[in-house]
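We use all heavy atoms of the structure for the numbers below, so side chains are in, but hydrogens, waters and symmetry mates are not.
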Amino acid sequence: MLKTILSPETCAACRNCCVFEEQSAWELPSFAAASAERLDDRPQYRVRQENGRIRVTLPYDETHAAQPCPFLDPASGCTLPAEEKPFACSVWPLRLMKKPDGSAAIALYQGCPGVPDIGDPAWSRLLDGGLRERIFAEAERDPSLILPYHPNYRFLEQEEHTMPDFPQPQAVYRYFTALAAIPHGSGNTAGIRKWALDTAAKLGLSAHADETGNVIIRKDGSAGYEDHPRVILQGHLDMVCAQLPDCKKDMTREGLDLVWTADSLSADGTTLGGDDGIAVAYAFAVLESDSIPHPPLTVILTVDEETGMDGATGLSPEELDGVSLINIDSEEEGVFTVGCAGGVRSHLRFPVMMQPVGGDRLTVSLSGLTGGHSGAEIHKPLLNANTAVLELLSGITAPYRLAELTGGVRDNVIPTECRAGLYTDDAEAVGQSLAAGLERLKAAYPGETGIRLGLSAEQGSGNALSAADTKKLLNTLNLLPNGVQEMNTVLNMPETSLNLGIFELRADAMLVDTLIRSGVNAKKEQLAKKLCQIAENAGGSASESGNYPAWEYRPGTALEQTAVRVFTAQYGKAPQVVTIHAGLECGILSDKAPQLACISVGPDIYDIHTPRETLSLPSVQRTWDFLCALLKEL
């Protein structure tokens, strides 16, 4: 790294930097954990673990003779491969050293015979060319590179660099800050994947990326835990990228601007990526540590969870080699998720035949509804705009012909607006029927205080269904189920539901997109089959997409019992143990590996997927303490 200043020939002839007097043994750097195996047959060297690396004690005796680096060959030089060579060696004779005020600055060892004097401008050119940033960046990842000041060194420059003073747990925030600097929205995870693999390599751990792009890292159990059953820590690499209208950041190319307060972390103008960057940070903080007791670990970091769980879907079952899986993708401290609904999108198509028509064309628009998530909020008294318009149209007694029916934007969102167009010879009667229908809806859904019905009329011509076909289509659509179909009475939550998310009447067909959810895979399939039968009986068809399995609750697993016991001991109260009516990667993963007992946990994160996203720092600390205690008990 210093070849422009220090020649390899000079170093090869000297090698004094690789030989240590007893009083300078503190200069011996730490080494990659993988290097320990190279000393297995050399018992004179004592090896200890420290922050994911190893420290070697040199074998001084009563003669106090200088000792060479254990990896120095007198004839060929350093025997370590490039990936194991300490960073400190690559920048010798430069060191980062502490100043009295706690800041750090780059210092030069004055005894190296092969480099220019401290005042030579070659040093400024070298540091300004990127070496300064590289040294400080490595020190942020490995604080052991910062040494106490020694008089054999002189500071090259007076510029001070105060290392980040992260709150506890410092390792978690150090990793979170590093990954936040890398763009990693869904579909843009190549950079963070490389970072994860490089970081694992620096920790001396086995790591690889699979064909889908998931990162898998393994670590042996700590002392006394080597034969314990393997545990999987799991999260996802990607984040949702959203930003305020006036934020000019290019989130595909730029990292996040973190905003710290005494008790929270957010990002300036953008999403934070706490979902699920905190899982990545927790995992690496555990992998780095040699003081946390833990069983053998597999860390699985999936890709593109936010856009369809593609990483979990593409993961090989062979990678799921544990008996317990801790998913860190929940956003409420003290809530343990132990099950989730599976889902499938059902796409219905009903053929229609439009005919030319003229006369009074009425446009009916229903808007102002609350809407909501079709999983987490499907049980609430929320009016679906599509079904509401069906009800309004079905209550019209005067003859009319349907020309338009459009509502909803996504199948997983309860629709807030729907519009219908119709031709009639009795606009006044139609208007009266619609007004009466609106009053019935208001009475049935008093919480929908923003509901609005718009009605406009114009003369013209166009295409519409016949009156008979209009009635036939509406009768068929009214047969479609919507909302909660069955409750889980034990957990007091929806077990099976369906959302009529999108209506679209085209020239040749009526299209309906739905999302079915169920905590029981068989009931999900039954409901999908029912929709198919309705479509086929009406001369239509049905197709499916995005089918993912439920994570079916298995009461009383050893993992759940241990987690509850550890949490109760730490917090003085029991956690909430819940299942959710939405999808988690645990459903896909447990379906691939039936032996897995799974639980999902996490710290408090507010307003996820929005520029208001905020991570609670006290909650991160408590959840970290819980995670470490849980690993100790497993």
Side-chain angles (χ1 to χ4, degrees), residues 1-97 106-116 118 123 126 131 134-135 138-139 141-154 156 198 200-206 290:
M1 195 171 291
L2 304 184
K3 289 181 180 179
T4 59
I5 286 182
L6 188 60
S7 72
E9 292 77 18
T10 301
C11 288
C14 176
R15 295 182 184 160
N16 285 341
C17 59
C18 301
V19 179
F20 302 87
E21 300 288 346
E22 190 167 8
Q23 65 269 23
S24 64
W26 59 274
E27 293 252 36
L28 185 68
S30 64
F31 298 92
S35 302
E37 297 179 1
R38 305 178 189 279
L39 301 177
D40 285 347
D41 58 350
R42 303 168 70 183
Q44 69 271 33
Y45 295 105
R46 289 193 295 116
V47 177
R48 71 181 189 276
Q49 300 284 332
E50 183 179 284
N51 296 326
R53 297 177 64 80
I54 61 168
R55 289 284 187 181
V56 180
T57 301
L58 297 177
Y60 297 105
D61 56 22
E62 64 276 3
T63 68
H64 305 290
Q67 295 291 323
C69 171
F71 304 108
L72 175 68
D73 183 277
S76 60
C78 183
T79 60
L80 291 175
E83 63 270 18
E84 293 183 29
K85 187 172 182 178
F87 178 80
C89 295
S90 67
V91 296
W92 173 264
L94 300 181
R95 287 288 183 263
L96 260 186
M97 290 195 155
I106 297 173
L108 172 67
Y109 177 65
Q110 299 180 88
C112 179
V115 297
I118 194 167
W123 288 115
L126 185 65
L131 182 59
R134 175 74 187 279
I135 290 173
E138 289 293 332
R141 286 188 280 269
D142 180 10
S144 70
L145 290 172
I146 306 175
L147 302 174
Y149 176 71
H150 191 278
N152 285 345
Y153 289 80
R154 287 181 61 192
L156 267 177
D198 289 348
K202 289 177 182 178
L203 296 176
L205 301 173
S206 169
D290 292 311

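Atom CD1 of residue Ile54 and atom CZ of residue Arg38 lie 10.0 Å apart, to the nearest 0.5 angstrom. For the atom pair CD1 of Ile146 and CD1 of Ile135, the computed distance is 11.5 Å after rounding to the nearest 0.5 Å. We find the CG-CG distance between Leu80 and Asp73 to be 11.5 Å, quoted to the nearest 0.5 Å.
In this structure, Ser90 contributes its side chain and Phe87 its backbone to a donor-acceptor pair below 3.5 Å. A donor-acceptor pair under 3.5 Å is formed between the side chain of Tyr60 and the backbone N or O of Glu21. Formation of a donor-acceptor pair under 3.5 Å by the Arg53 side chain with backbone atoms of Ala33 is not found in this model.
Taking 4.5 Å as the limit, every side-chain heavy atom of Glu84 sits out of range of all side-chain heavy atoms of Phe31. With a 4.5 Å cut-off on side-chain heavy atoms, Cys89 and Pro29 count as touching. Taking 4.5 Å as the limit, every side-chain heavy atom of Leu108 sits out of range of all side-chain heavy atoms of Arg154. Side-chain contact between Gln67 and Pro59 is present, with at least one heavy-atom pair separated by less than 4.5 Å. Proximity of Trp123 to Leu94: side-chain heavy atoms (C-beta onward) are separated by under 4.5 Å at one or more points.
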For a side-chain contact (heavy atoms from CB on, under 4.5 Å) check, start with the C-alpha distance between Glu27 and Phe20, then their side-chain angles and the critical distance, and finish with the verdict. CA-CA 8 Å; Glu27 293 252 36; Phe20 302 87; 3.8 Å; yes
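In this pair, Tyr109 and Tyr153 present their aromatic rings tilted. The plane angle is within the 30 to 60° band.
In this structure, Arg55 and Leu28 approach most closely via the heavy-atom pair NH1-O, 3.2 Å. Shortest non-hydrogen contact noted between Leu72 and Cys78 is CD1-N, 4.2 Å.
Note on Glu138 versus Lys202: salt bridge recorded, some NZ/NE/NH1/NH2 to OD/OE distance being below 4.0 Å.
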Name every donor-acceptor pair, under 3.5 Å, that has one atom in a side chain of residues 40-49 and the other anywhere in the protein, sequence neighbours excluded.
unit_1, atom_1, unit_2, atom_2, d
Arg42, NH1, Pro70, O, 2.7
Arg42, NH2, Pro70, O, 3.1

